[in-house]
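Single-structure report; data block below.
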Amino acid sequence: MKKILFIGTGGTIASELSGGSLSPSIGAEQLIRLVPGLGDMCEIEARQPFTLDSTDITTWHWLTIAREIEDSYDDFDGFVVAHGTDTLSYTAAALSYLIQDSEKPIIITGAQRPIGFDSSDSKQNLRDSFICACSDLLHGVLVVFGGEVLLGTRVRKTRSKSFSAFESPNYPAIGTVKNGRLTVFFCPVTGEHRFYSLLESSVGLLKLTPATDLELLSFMLSRYSALVIEAFGVGGLPHREGTFRKAVRRAIEAGKTVVLTTQVESEGTDMSVYNVGSGLSDIGVIEAFDMTPEACIVKLMWLLPRAWDNDSRREEFYRPVACDIFPQERSEK
Ligand code: ASP
């Protein structure tokens, strides 16, 4: 019988109503007991390193989950992490960079409705996740939600209420679980597992609006070691008489790292198309292409402590980790 480590962290899946609003209170052991048949499928050890609405998750919590898995990696065949859905895509990206090329499945799941509610996706998502964690066909960090198996570096929460809350906009689903039956379409090949334990949290995200001014851009550039700018469409910087481009160029010359992504869900950036974007890579802006903003942010946190200058950061950024970016779209500039 397979041995699975189950890590509860809170979220809606473990929430109950108290004083008219939801907060997580059900522990990992109790969650398992509430899903009939799980104990017949595999041997489960349940742990609860913390209990939070995922709104309160920080980089420390990512490292804590990763350490929990690392410390017990040899003792289990697979891992299931139950997590709040709101920041689940960040945690999925974080675990993908902190635990690379895992030969064993590391499944992250959650739910849109608490396990105790009459209509809830909690039990199905948990059951599906354990099926995946027990599978010999799956490996690496995956999100199992609403009957779909998605790659950890590619997921985004795209619906705030429906049961099918997650998608991987620029990457196909790895598989499906329907009526307890797992179908694996493919699962990217892995090497030998590696763990990392250093993250630099000084990475900011600036969402451009038509009203964003130079003062805000300059503040964000000075505040963080790396800045992800969420631009419009295929990507570009507002002209503003050349002031934005000048501020970004100066920041990069001073050693800051700047990545440009887009607010558009699917298909990614192509900075070379419009005048507002062309030439940005020549001044050192790194283009996100098909990567999710979540993966961009966490990848920077992971690579800042190990790549000291902008050339090596750019090189590392474009080196695919857990299929986070399509290599053929790498910038040649
Ligand atoms: N606010 C909750 C959380 O992220 C939402 C959920 O789990 O669905 O913890």
Would [X] and [Y] show up in the same hydrophobic cluster when neighbours are defined by side-chain heavy atoms closer than 4.5 Å?
{"X": "Leu304", "Y": "Trp62", "answer": "yes"}
{"X": "Val184", "Y": "Ile4", "answer": "yes"}
{"X": "Tyr224", "Y": "Leu214", "answer": "yes"}
{"X": "Leu216", "Y": "Phe232", "answer": "yes"}
{"X": "Val155", "Y": "Phe289", "answer": "yes"}

Thr64 vs His61, side-chain hydrogen bond (donor to acceptor under 3.5 Å, both in side chains): CA-CA, chis, key distance, verdict
CA-CA 5 Å; Thr64 301; His61 300 99; over 6 Å; no
Arg250 and Lys246: CA distance, side-chain angles, deciding distance, side chain to side chain contact (heavy atoms under 4.5 Å, CB included) verdict
CA-CA 6 Å; Arg250 284 209 176 135; Lys246 195 163 150 197; 3.3 Å; yes
What pair of heavy atoms forms the shortest contact from [X] to [Y], and how long is it?
{"X": "Pro169", "Y": "Ser266", "result": "CB-OG, 3.7 Å"}
{"X": "Tyr171", "Y": "Ile174", "result": "CE2-CD1, 4.2 Å"}
{"X": "Leu151", "Y": "Cys323", "result": "CD2-CB, 3.6 Å"}
{"X": "Arg314", "Y": "Ile286", "result": "CA-CD1, 3.7 Å"}
{"X": "Leu217", "Y": "Ala247", "result": "CD2-CB, 4.2 Å"}
{"X": "Gly236", "Y": "Leu260", "result": "N-CD2, 3.6 Å"}

Could you go step by step and tell me if Arg47 and Leu5 meet the side chain to side chain contact (heavy atoms under 4.5 Å, CB included) rule?
CA-CA 8 Å; Arg47 293 190 201 154; Leu5 176 62; 3.6 Å; yes
Would you sort out whether Glu16 and Ile26 count as a side chain to side chain contact (heavy atoms under 4.5 Å, CB included), showing the intermediate values?
CA-CA 8 Å; Glu16 290 175 303; Ile26 302 173; 3.8 Å; yes
Cation-pi check, Arg154 to Phe326: give yes when NZ or CZ is under 6.0 Å from the six-membered ring centre and within 45° of the ring axis, no otherwise.
yes
Does NZ or CZ of Lys104 fall inside the cone over Tyr73's six-membered ring, less than 6.0 Å from its centre and within 45° of the axis?
yes
Side-chain polar contacts of residues 131-150 - donor-acceptor pairs under 3.5 angstrom, sequence neighbours left out - could you list them?
| from | atom 1 | to | atom 2 | distance (Å) |
| --- | --- | --- | --- | --- |
| Ser135 | OG | Leu137 | N | 2.9 |
| Asp136 | OD1 | Lys2 | NZ | 2.4 |
| His139 | NE2 | Pro188 | O | 2.9 |

Side chain to side chain contact (heavy atoms under 4.5 Å, CB included) assessment of Leu88 paired with Phe166
CA-CA 10 Å; Leu88 189 149; Phe166 288 89; 3.9 Å; yes
Thr257 and Arg313 side chains, donor-acceptor separation under 3.5 Å:
yes
Got a sec: does the [atom1] of [X] have more than 12 other heavy atoms crowding it under 6.0 Å?
{"X": "Arg181", "atom1": "CZ", "result": "no"}
{"X": "Asn275", "atom1": "CG", "result": "no"}
{"X": "Phe195", "atom1": "CZ", "result": "yes"}

All salt bridge (Lys or Arg N to Asp or Glu O under 4.0 Å) counterparts of Asp324, not counting sequence neighbours:
Lys299
Lys207: partners by salt bridge (Lys or Arg N to Asp or Glu O under 4.0 Å), with sequence neighbours left out
Glu230
Would you call Ile69 and Phe76 a side-chain contact if the rule is heavy atoms closer than 4.5 Å?
no
